[in-house]
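Following: one structure in structure tokens, then a few remarks.
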Amino acid sequence: MTDREPQSSGQKPGELPGQKPGDRRVRVERRHAPYFKYTGRGVLTARAAASTSPTSGGRLWSRAKAVLIGRPLATDEEGEERLSKKKALAIFSSDAISSSAYATEEILRALIVAGSAALFLSLEIAIAIAILLAIVSTSYRQIGYAYPQGGGAYAVARANLGRGFALVAAAALLVDYILTVSVSTSSAVEQLGSAFPDLRPHAVLIGVTVIALMTLANLRGLREAGNIFAVPTYLFVGSALLMIAIGVYRVVVLGEGVPPSEIVEGTVDLTEAAGIILLLRAFSAGSVALTGTEAIANGVQAFKPPEPKNAATTLTAMAILLAILFIGITFVADAFGLAPLDDPETGRVSQTIIAQVASTIYGGDSIGFYLLQLFTALILFLAANTAFNAFPRLAAILAQDGFMPRQFSFRGDRLAFSLGIVVLGVVAASLVIFFGGETHLLIPLYSVGVFVSFTISQSGMVRHWLRDRTPGWVYRISINAFGAVLTGVVAVVVTIFKAPESLLVVVIIPVLVGIMLFIERQYREQAKELEVRPEAVIGPPWRRERVVIPVPGINRAVVQAVNFGRSVSEDVLVVHVTDDVEAAEVLRSRFE
């Protein structure tokens, strides 16, 4: 049998005579067979053995990595699962919906400085934020239709507003994703601490440990798909809606709650400048509820066909659900006169607002209270995990465009963007340590980047509709223009009234943009130096090889060595080491 595969791919033919004349045959040995396989004409794909280190230390490291993050995957093993609307609602909405767990508390913390009567303004502020949510979500529906390939604020700004705005949007999103991990993880630990007080002193350690575990899980190739990721969202939504329904029934039908006569009068005058500033400060604090609204528009391609329509429907459902949860929790907290509770000794949160609502409705020692706190922590951990998908992908896109080190676009053994995952985990854990795992200290950093990216993406959509005047463009441009103006105003309000913490992000974003521009310039200059111009003439190599042969004398081995050296280079130098000058001269004359 003769194998007719081309011999250029490392095959070695060998003739086998056999026992009889007719048995003569040719056997072809493929030296690459243990390491590569044919996946097409002239195409070889690496096998697992190809990445095995030849050294014992390298093999030991490979085995350790396999235990830690799993066996290496081939590129063709990567699969993408298209999501139904129900599953996508759970997966993509976890970031936004989970913000209802701490948004009400941020409003109350801003109002409490003006006295107990100011707390009863929280419901009106929550309704105003819900209206803003409706405008932003409607605007992002247009982005999903116009850019079904996804990409978020960076892609929209790059296509319509130029490099500068695109990099500002990218920097804001990178900061947003980092803070999503820090804030969600810190809030989740606070929810657990509200139910189990013994965990409170270890909040930072627990938060850092959870981030480390999420980093490891994503290095192993964890995917935001499958029913297991939908479970925490629907458990939280179901239990929270039940809690709100019971609370509304007790307030409206049974007349429970704090009687109006017990409200302290005269502590807030909304007609004065101080009252207006108080409302703006509370509004800017509660606007953190809008974080994660853009996630669905960024992941349109993950939906089943028709992708834009399904994504838009899911986005609307998410906005309605978030508004109900946010307003409902605020209403119950308002009706029962709940206020933030801090430990007087440590100054840390002793029981979150949502935990107080659950304790009031379900009972402090009831199974319903403990289950709600567990479900709240789970959805917050899931929200943190969504950033481990978004941050590395955005960093990889920036790396491909030359604005981040190229290593961010390299996939690891498990086909994940490993460097981006590690950087995200390290920075997010550092923030948790620096701010002591306290959510309300991290929130001011969170909101600024969110509204900056909102404003840039919607401004880019205004430019898009001016260029692409498809039917209905006037209606669409009106929505995006109004949304851009509104979120721009909110971005300014958040920056001013959450200072000085918010000013840190205002500094970080330009610094990140400067770093990305510097990296891009270095890559551009490097490419310019390596560019092959049409008029350029590239000559032969200028470097000459010299062959040095140490010899003991003249014999057949020396002559063969010299001939081999002459096959490598014309410059052959024969060296003989001796202390006998006369013998050396004799040897030289014989060579000549």
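Position 1 is the first residue of the sequence, and the numbers go up from there. These numbers come from the heavy atoms of this one structure, side chains and all, not from hydrogens, waters or symmetry mates.
The closest side-chain heavy-atom distance from Leu398 to Leu174 is below 4.5 Å. Contact of the Thr104 side chain with the Ser122 side chain is not registered, since no non-hydrogen atoms from C-beta on lie closer than 4.5 Å. For the pair His464 and Asn480, the minimum side-chain heavy-atom distance is 4.5 Å or more. In this structure the side chain of Lys309 reaches within 4.5 angstrom of the side chain of Tyr145, judged on heavy atoms. The shortest distance between side-chain heavy atoms of Ile479 and Met461 does not fall below 4.5 Å. Side-chain contact between Leu503 and Thr495 is present, with at least one heavy-atom pair separated by less than 4.5 Å. At a threshold of 4.5 Å between non-hydrogen side-chain atoms, the residues Phe331 and Val248 count as touching. Under the 4.5 Å side-chain criterion, counting only non-hydrogen atoms from C-beta, Arg158 is in contact with Asp401.
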Does Phe403 form a side-chain contact (heavy atoms from CB on, under 4.5 Å) with Ile515? I'd like the steps, not just the answer. CA-CA 8 Å; Phe403 296 109; Ile515 292 173; over 6 Å; no
Please walk me through it: do Glu124 and Leu279 pass side-chain contact (heavy atoms from CB on, under 4.5 Å)? CA-CA 10 Å; Glu124 288 79 2; Leu279 288 177; over 6 Å; no
Go through the steps to decide whether Gln356 and Ile353 satisfy the test side-chain contact (heavy atoms from CB on, under 4.5 Å), and finish with yes or no. CA-CA 5 Å; Gln356 293 182 55; Ile353 288 296; 3.8 Å; yes
Between Phe388 and Leu424, does a side-chain contact (heavy atoms from CB on, under 4.5 Å) hold up when you go through it step by step? CA-CA 7 Å; Phe388 279 95; Leu424 174 60; 3.7 Å; yes
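To the nearest 0.5 Å, atoms CZ (Phe391) and CZ (Phe408) are separated by 6.0 Å. Interatomic distance, CZ of Phe451 versus CD1 of Ile456, reported as 14.0 Å (0.5 Å rounding). Between the CE atom of Met214 and the CZ atom of Phe381 there is a distance of 7.0 Å, given to the nearest 0.5 Å. A distance of 14.0 Å separates CZ of Arg281 from CZ of Arg109, quoted to the nearest 0.5 Å. Here CG of Leu315 is found 8.0 Å from OG1 of Thr138. Values are rounded to the nearest 0.5 Å. Of the inter-residue distances, the one linking Thr470 atom OG1 with Asp468 atom CG reads 4.5 Å to the nearest 0.5 angstrom.
Every residue meeting the side-chain contact (heavy atoms from CB on, under 4.5 Å) condition with Leu241, not counting sequence neighbours, appears here in chain and number order: Val237, Leu321, Ile324, Leu325. For Phe236, there are no ring-ring contact (aromatic ring centres under 6.0 Å, His included) partners two or more places apart in sequence or in a different chain. When the side-chain hydrogen bond (donor to acceptor under 3.5 Å, both in side chains) test is applied to Arg141, the partners found at least two apart in sequence or on another chain are Thr316. Judged as a ring-ring contact (aromatic ring centres under 6.0 Å, His included), and not counting sequence neighbours, the contacts of Tyr140 are Phe454. By the side-chain hydrogen bond (donor to acceptor under 3.5 Å, both in side chains) test, Ser98 pairs with no residue at all, sequence neighbours left out. Residues passing the side-chain hydrogen bond (donor to acceptor under 3.5 Å, both in side chains) test with Gln142, sequence neighbours excluded: Arg476. Under the salt bridge (charged side-chain N to carboxylate O under 4.0 Å, His left out) criterion, Glu190 pairs with no residue at all, not counting sequence neighbours. Listed by chain and residue number, Gln191 satisfy the side-chain hydrogen bond (donor to acceptor under 3.5 Å, both in side chains) test with Gln373 (two or more places apart in sequence, or in another chain).
Under the 3.5 Å distance criterion, the side-chain polar atoms of Gln351 are left unmatched by any main-chain donor or acceptor of Leu341. With Ser184 contributing its side chain and Val181 its backbone, the two residues share no donor-acceptor pair below 3.5 Å. The closest donor-acceptor contact from the side chain of Thr439 to the backbone of Ser187 lies under 3.5 Å. Under a 3.5 Å cut-off, the side chain of Ser139 and the backbone N or O of Ile135 do not form any donor-acceptor pair. A donor-acceptor pair under 3.5 Å links the side-chain atoms of Ser99 to the main chain of Ala96, judged by distance alone. No donor-acceptor distance shorter than 3.5 angstrom exists from the side chain of Asp334 to the backbone of Thr330, with no hydrogens or angles considered.
Looking at Thr487 and Thr455, their side chains do bring a donor and an acceptor atom within 3.5 Å of each other.
For residues 317-329, there are no side chain to side chain donor-acceptor pair (under 3.5 Å) pairs, not counting sequence neighbours. For residues 165-183, the side chain to side chain donor-acceptor pair (under 3.5 Å) pairs, not counting sequence neighbours, are Thr180-Tyr446. For the salt bridge (charged side-chain N to carboxylate O under 4.0 Å, His left out) condition, the pairs that include at least one residue of residues 163-173, sequence neighbours left out, are Arg163-Glu520.
A pairwise comparison of heavy atoms in Pro510 and Val505 identifies CD-O, 4.4 Å as the closest pair. The heavy-atom pair separating Gly425 from Thr215 by the smallest distance is CA-OG1, 3.5 Å. Closest approach of Ala101 to Leu380, counting heavy atoms only: CB-CD1, 4.3 Å. Considering all non-hydrogen atoms of both residues, Pro232 and Leu378 come closest at CB-CB, 3.9 Å. Across Val494 and Ser287, no two heavy atoms sit closer than the pair CG2-OG, 3.7 Å. What you find for Leu442 and Ser186 is that their closest heavy atoms are CD1-OG, 3.6 Å.
Atom CZ of Phe165 is surrounded by 12 or fewer heavy atoms from other residues, nucleotides or ligands within 6.0 Å. Heavy-atom neighbours of Phe434 CZ from other residues, nucleotides or ligands within 6.0 Å: at or below the threshold of 12.
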Under 3.5 Å, side-chain donor or acceptor atoms of residues 125-134 against the rest of the protein: list the pairs with distances, not counting sequence neighbours.
none

